[in-house]
Amino acid sequence: MTPVTTHPNPTFAQLGVRDEIVRALAENGIEHAFAIQELTLPLALAGDDLIGQARTGMGKTFAFGVPLLHRITTDTERPLTGIPRALVVVPTRELCIQVYEDLVHASKYLMADDTRKLTVTAIYGGRPYEPQIEALQKGVDVVVGTPGRLLDLAQQGHLQLGGLNVLVLDEADEMLDLGFLPDIERILKQIPAKRQAMLFSATMPDPIITLARTFMTQPTHIRAEGVQGSATHDTTEQFAYRAHALDKVEMVARILQAEGRGATMIFTRTKRTAQKVADELGERGFRVGAVHGDLGQSAREKALKGFRNGDVDVLVATDVAARGIDIDDITHVINFQIPEDEQAYVHRIGRTGRAGKTGIAVTLVDWDELPRWSMIDKALGLDTPDPAETYSNSPHLYDELNIPTEAGGSIGKPARSADKPKREPREPRAERPARDRTRRRTRGGQSVSGHPEGTPDAADTSSSEASDSDSAGDGAPRPARRRRRRRPNKASTAGTAAGTSAGTN
DNA sequence: AAAAAAT
């Protein structure tokens, strides 16, 4: 069981973070450090290499962002010159934007010298070169970027990597995976050998850690509470259902009618399917957006922005949006197609249940997906009921999905859909007050008010030597949002109790 | 075999 701590986590001020940063964080409602942040700060400030692991939505961005900003502005031997001193590499463009914005907020009051503000810039593809090049020419202290554009601008001579003091790989296991590894190696070649490297992710497979150690200096592996287990949250209720591919959209439509449903993310395995599902749900009247790699960059950003601000309440995406994206009030994650591996599953459902909130994850498993699903289920110890057992040829199979709703019932009934016209005029925008519809960032996974979750006491810190090594529409009834949440009491809870023991990697 | 990431 989770140890009960009577003391709240320490504040950033208590942890010795400089006042400019403390003030900026406070303006965003952040005062207390999450476990991963508290554990990371002393080592990160000392310049140590480290691998930071904490569950999704538990504040990894500021775990590297805060010490990074503190350190490069406090090093009197190396004043900031406008040549990049810190580089954060991320796997997707949208995550790049998000991390960039977090760092901009946190650095609001920081000066590079007596006359110049500290500058952060985002370098990513799908957008014109000129503004990014101009920003670099004006002088930049911190760069956040995706690999392709970073290398491109480095090769063109616009991005100077020789002055880097700090390198961060966010979603590090993804960055060191086959698809990205060559790019990362190219970047590593261009940065000074004597630098601090910090790697963060909720998931860190052993082979990746072994690989990481080849370019790190005696890294400390910091694992915040919880990640030793399944790395999924016990605040997120998980379900798996057997589904015919052809029925999946109908099942999703019913899930989307769950009472108390807030924002919902639907993940697919392919770009085509993502678009198709988005289109079909749109036809059914849901306010839906799509994010995948076949869309133009502005369409991707527009969809995500609409989802953030509440104009859209269903977002269909490929795994491009599986990692890092931090949006408040995502109550449901639906795996329309099962993910590639357990890491992808962990990150997908990690879009809900963030910062101690509750969430519901539903995975729809087609016949040909059963073997892979059972592998994921086993690898994570989810112990969901075998979806095969829910198999039936009955057309009424999905009448009861058995997913608890806020009202205490189950969803799955067609809910008047039979006599309902496929499409109704949408309610005017003004119908709900804008503020009520606005979905906020959770600010790096940190609750905007109250104490963050996490008990540092339960954290397992191990040094590199000691333990070796080890982140609606109207066609359907409008869901009631923001009701008081009732804890679902049936079906399978994932994960081990977030705590000390049972820590088999 | 898929997605992502430079054009």
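A donor-acceptor contact shorter than 3.5 Å links the side chain of Gln98(A) to the backbone of Gly324(A). Panel note: side chain Gln275(A), backbone Ala290(A); no donor-acceptor pair is recorded below 3.5 Å.
The shortest non-hydrogen separation linking Ala35(A) to Ala224(A) is CB-CB, 4.3 Å.
Rounding to the nearest 0.5 Å places CG of Asp173(A) at 12.0 Å from CG of Asp206(A).
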Protein-proximity profile, nucleotides 1-7 of chain B, B/S/- by nucleotide at the 4.0 Å heavy-atom cutoff, equals BBSBBBS
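At a cut-off of 3.5 Å, with distance as the only test, a side-chain donor of Gln297(A) or Glu94(A) sits close to an acceptor on the other residue.
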